[in-house]
There are 2 protein chains.
Amino acid sequence: MITLSDVAKKANVSKMTVSRVINHPEQVTDELRELVEDAMEELDYRPNSAAKALAYNRTNVVKVVILEDVGITEPYYMSLLFGIAKGLDKQQYALQLVTEREDLKLGDPDGYIITGARNTDSELLASLQAPVVVFGENRSGFDFIDTDNKEGIKMATEFAIAKNYQSIIFIGIDVKEPFEYSREAGYINTMQQHQMIPRIHRMANHSHLSQKFINEHWREFARNTIFICASDRLAVGVVRAILHNGGNIPVDFGVIGFDGVFLDQVSNPQLSTIRQPVQRLGEHIARMLLQKIAQSGAQQGELMLTPELILRGTTRD
Amino acid sequence: MITLSDVAKKANVSKMTVSRVINHPEQVTDELRELVEDAMEELDYRPNSAAKALAYNRTNVVKVVILEDVGITEPYYMSLLFGIAKGLDKQQYALQLVTEREDLKLGDPDGYIITGARNTDSELLASLQAPVVVFGENRSGFDFIDTDNKEGIKMATEFAIAKNYQSIIFIGIDVKEPFEYSREAGYINTMQQHQMIPRIHRMANHSHLSQKFINEHWREFARNTIFICASDRLAVGVVRAILHNGGNIPVDFGVIGFDGVFLDQVSNPQLSTIRQPVQRLGEHIARMLLQKIAQSGAQQGELMLTPELILRGTTRD
DNA sequence: TTGTACGCGTTATCAG
DNA sequence: CTGATAACGCGTACAA
């Protein structure tokens with residue numbers, strides 16, 4: 001193993017000079033700096049993160065916490081993890097996955113990335129002893145990152161209007177959480193701007209529930225109706241019910257989902273959807289946390305990334 | 001932060017005694033040991049893993065490598081990661097996710113968990129500088145864990161025979177990999193044991209390919225046929241095609257998938273499938289790697305976990 | 001601007 | 001069986 005001292009010897013300087021070249025290069029003369037850099041290169045020096053962690057009193061570990069019940073594993077989180085891992089790797093950070101509340105207190109990570117948190121989790125999060133960033137809108141003051149939910153639904157609604165769908169119905173998720181409020185707001189605002197009357201139905205986020213709902217109300221839906229759904233799951237159920245009742249997709253009926261992770265692609269026909277940039281969100285939240293750690297816990301604010309409207313088999317051209 | 005020294009003072013011993021109580025308790029008298037244990041309890045002592053890592057010349061990090069192209073994110077890996085994380089957590093290990101081959105060489109993990117490896121990756125794996133365990137059967141001599149593929153298909157085939165399906169067809173994945181050979185072997189052996197003639201069709205692992213295949217050969221399939229598929233993806237396509245052609249599931253046609261992760265549950269009707277114990281596999285492979293690290297790289301052999309035949313909407317009672 | 005001495009928390013070695 | 005000492009690799013504080 002190559003250490004600072006090895007490099008120092010090779011460059012004929014003290015190891016402190018080498019350390020400075022790495023952490024405070026401006027304090028070293030160009031001459032020495034180049035000498036040291038060459039030596040590092042030649043020896044293929046790799047800093048020892050355990051030693052660094054010990055000196056800084058850090059662990060170089062962040063906990064990634066999934067508070068949501070993932071009975072059926074959401075593919076969503078896979079992409080998110082990929083992104084997070086990518087963001088952390090660049091700084092030689094490692095992660096520990098936590099899926100059970102009890103395990104939250106174990107270990108001493110340098111920070112936490114929280115996903116799937118509900119309003120009721122605020123106290124729990126506030127009690128953590130290291131910097132926290134949250135994945136998903138919240139109004140409890142935690143730094144967060146999320147898709148721009150409002151904007152996403154706005155895009156879909158304006159598309160529906162532009163395509164002359166007569167009736168534009170929103171199928172929402174029956175939860176009192178900011179992400180849902182924002183999605184509904186995007187729908188309502190856009191409808192009102194165009195003097196159209198919003199119509200919202202809410203249910204738990206399961207495809208068989210939206211399927212059942214459409215089946216039971218089938219007679220109420222005239223041709224030229226589009227359903228904008230708060231999730232791909234709901235959208236998949238809607239599609240099934242329309243087809244089951246003999247409705248023609250995409251000619252007479254349209255369906256747009258929300259998420260754009262996995263489900264939209266394996267469904268048949270492939271779903272038009274508002275795709276969240278999940279992996280990028282992951283990268284950004286990792287960066288946000290690392291920065292917060294570097295700034296010893298300073299507030300980072302919020303960041304919203306714009307989703308993309310993907311048009312496929314369930315909307316007409 | 002509570003350190004060894006703090007505990008040592010409280011217990012009136014040297015910190016080496018405390019260290020021994022933790023790592024080599026048999027070298028300490030019962031009397032002192034209890035004294036120290038009480039002190040640790042009272043002070044809520046938590047070992048500093050960075051310091052430990054430095055002393056042992058370890059990083060306490062393992063890399064989890066996904067070599068497969070995950071264009072469409074496989075939910076499969078999510079469960080696996082949960083399991084791995086659980087196994088690692090117990091020993092205070094953290095993980096780094098690697099999805100790109102180039103990133104394999106960065107950092108100095110204590111070991112590697114490799115998934116999605118193909119035959120052609122053998123050299124790459126052999127060149128790694130830390131203990132390696134592989135997820136998935138292989139015949140290159142790497143320690144591995146996998147579902148008992150052969151046994152799983154055998155269970156499904158015997159079920160089909162017991163239910164008096166006239167024709168039992170295997171839809172396989174068109175790859176030259178051990179897992180596929182084992183699945184086919186499970187099918188062929190069982191068929192032969194019952195004096196039945198095996199019939200296998202292979203294609204790439206996409207639902208639209210199996211869908212297309214069934215459509216094109218629809219006339220060849222008499223009633224009372226069951227399709228045993230090498231993946232849930234293939235099974236989903238088969239189901240779609242059967243329904244599309246007016247076939248009655250589960251009365252006249254049966255379908256059994258393989259995997260039992262996510263897809264089987266969101267499909268409609270819900271899929272009968274051979275469920276892999278993915279999360280348990282994850283836990284076991286983590287343990288295997290940690291043990292291999294502890295034994296400085298000693299061979300661990302192979303471990304196969306038995307899958308479970310889940311009967312749902314695509315097979316008759 | 002550069003170097004020296006020491007500390008971070010833990011473990012191995014060796015002496016008692 | 002127990003304790004003192006040195007060492008792991010790196011960073012800070014202070015001195016030169």
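Here is the naming used below: chain letters follow the sequence lines, and residue numbers restart at 1 for every chain.
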_Under the side chain to side chain contact (heavy atoms under 4.5 Å, CB included) test, residues paired with B/Ala298 that sit two or more places apart_ = B/Gln295, B/Gln300
*asked:* So if I take the C1' atoms of five pairs at each end of the helix from C/dT1-D/dA16 to C/dG16-D/dC1 and get each local axis, what angle do the two axes make, rounded to 10 degrees?
replied: 40°
*Which residues satisfy the side chain to side chain contact (heavy atoms under 4.5 Å, CB included) test with A/Leu35, sequence neighbours excluded?*
A/Leu32
_Which residues share a side chain to side chain contact (heavy atoms under 4.5 Å, CB included) with A/Val21, sequence neighbours left out_ = A/Val28, A/Arg33, A/Val36, A/Glu37, A/Met40
*Contact list for residues 286-300 of chain A, test salt bridge (Lys or Arg N to Asp or Glu O under 4.0 Å), sequence neighbours left out*: A/Asp143-A/Lys292, A/Glu283-A/Arg287
*Does some side-chain heavy atom of B/Val62 sit less than 4.5 Å from a side-chain heavy atom of B/Ile84?*
no
*asked:* Going by side chain to side chain contact (heavy atoms under 4.5 Å, CB included), name the residues that satisfy it together with A/Glu308, two or more places apart in sequence or in a different chain.
replied: A/Ile310
Just the table, please: protein N/O against nucleotides 6-13 of chain D N/O, every pair under 3.5 Å.
residue	atom	partner	partner atom	Å
D/dC10	OP1	A/Tyr45	OH	2.4
D/dC10	OP1	A/Asn48	N	3.1
D/dC10	OP2	A/Leu4	N	2.5
D/dC10	N4	A/Lys15	NZ	3.1
D/dG11	OP1	A/Asn23	ND2	3.0
D/dG11	OP2	A/Ser19	OG	2.8
D/dG11	OP2	A/Asn23	ND2	3.4

*Which of residues 25-41 of chain A have a heavy atom under 4.0 Å from DNA chain D?*
none
*Among all residues two or more places apart in sequence or in another chain, which pass the salt bridge (Lys or Arg N to Asp or Glu O under 4.0 Å) test with A/Glu42?*
A/Lys10
*Enumerate the residue pairs fulfilling salt bridge (Lys or Arg N to Asp or Glu O under 4.0 Å) with a member in residues 113-130 of chain B, sequence neighbours excluded, ordered by first and then second residue.*
B/Arg101-B/Asp121
*Write down the distance between CZ (B/Arg58) and P (C/dT11), rounded to a whole number of angstrom.*
12 Å
*Would you please name every residue forming a salt bridge (Lys or Arg N to Asp or Glu O under 4.0 Å) with A/Glu180, sequence neighbours left out?*
none
*Does any pair with a residue in residues 49-58 of chain A pass salt bridge (Lys or Arg N to Asp or Glu O under 4.0 Å), and if so which ones, sequence neighbours excluded?*
none
